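Below: the structure, in structure tokens.
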Amino acid sequence: MSRRLAPLTRCLRCGARLEDVAKADIVDRLPPRTRHEQHSFRRCTGCDRIYWAGTHQRRLDQLVARIMSQIRSVHDPAGPPAGPAAAPDG
């Protein structure tokens, strides 16, 4: 299943695929600060929405890494336990 997981490749609005797009092609649609600070962009092939790695990107990357780790641990039961060890009664 984890081989099929492709984070940040689909539009959050319509679900269509995202494709790389040149900054020059969409610069007039960007907020002023984004024009100056960002250089890589993706565009939805369905609704034309523009995406870039903003300040939220680190949190999203961490979330995806946690999900991928959980998926791997389910498919590899010999790996480390997913949660804290239970304390013995007594």
Side-chain angles (χ1 to χ4, degrees):
M1 178 172 175
S2 64
R3 283 175 250 148
R4 294 186 309 203
L5 187 60
L8 309 174
T9 59
R10 295 280 178 170
C11 179
L12 297 174
R13 181 180 292 159
C14 74
R17 279 189 275 189
L18 302 180
E19 65 182 7
D20 292 336
V21 61
K23 183 176 183 177
D25 294 342
I26 47 98
V27 71
D28 59 324
R29 297 174 55 189
L30 302 173
R33 184 174 172 184
T34 302
R35 285 183 200 145
H36 298 289
E37 295 180 1
Q38 302 296 323
H39 304 287
S40 297
F41 300 89
R42 305 202 77 193
R43 178 173 41 201
C44 175
T45 57
C47 69
D48 209 39
R49 188 174 186 178
I50 305 298
Y51 291 87
W52 61 90
T55 56
H56 62 284
Q57 186 69 43
R58 178 181 285 172
R59 288 188 312 246
L60 289 173
D61 289 343
Q62 290 170 346
L63 175 62
V64 168
R66 283 195 309 270
I67 292 168
M68 295 292 286
S69 176
Q70 290 173 357
I71 290 170
R72 281 191 296 272
S73 69
V74 167
H75 292 287
D76 181 16
D89 291 335

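Please read all numbers here as calculations on a predicted model, not as lab measurements. Numbers here are sequence positions counted from 1.
A distance-only check finds a donor-acceptor pair linking the side chain of S73 to the backbone of Q70 [under 3.5 Å].
Annotation for G46 and A16: closest pair N-CB, 3.5 Å, computed over non-hydrogen atoms. The minimum heavy-atom distance between C14 and C11, with the atom names listed, is N-SG, 3.4 Å. Taking all atoms of both residues into account, the shortest heavy-atom contact from C44 to L18 is CA-CD2, 3.6 Å. Between C47 and R13, the shortest heavy-atom distance links the atoms SG-CD, 4.0 Å.
W52 and I26 fall within a single hydrophobic cluster, where Ile, Leu, Val, Met, Phe, Trp and Tyr are joined by side-chain heavy atoms under 4.5 Å apart, directly or via other members. By the rule that hydrophobic residues join a cluster once side-chain heavy atoms approach within less than 4.5 Å of another member, L12 and L60 end up as members of separate clusters.
Sequence neighbours left out, the pairs with a member in residues 27-36 that pass side-chain hydrogen bond (donor to acceptor under 3.5 Å, both in side chains) are R29-D48, R33-E37.
Counting heavy atoms from C-beta on, the side chains of Y51 and L8 never come closer than 4.5 Å. With contacts defined as side-chain heavy-atom distances shorter than 4.5 Å, the pair R43/R49 does not qualify.
Here the CD1 atom belonging to I50 is positioned 11.5 Å from the CZ atom belonging to R42, to the nearest 0.5 angstrom.
Applying the side-chain contact (heavy atoms from CB on, under 4.5 Å) test to I67 and every residue at least two apart in sequence or in another chain returns L5, L63, I71.
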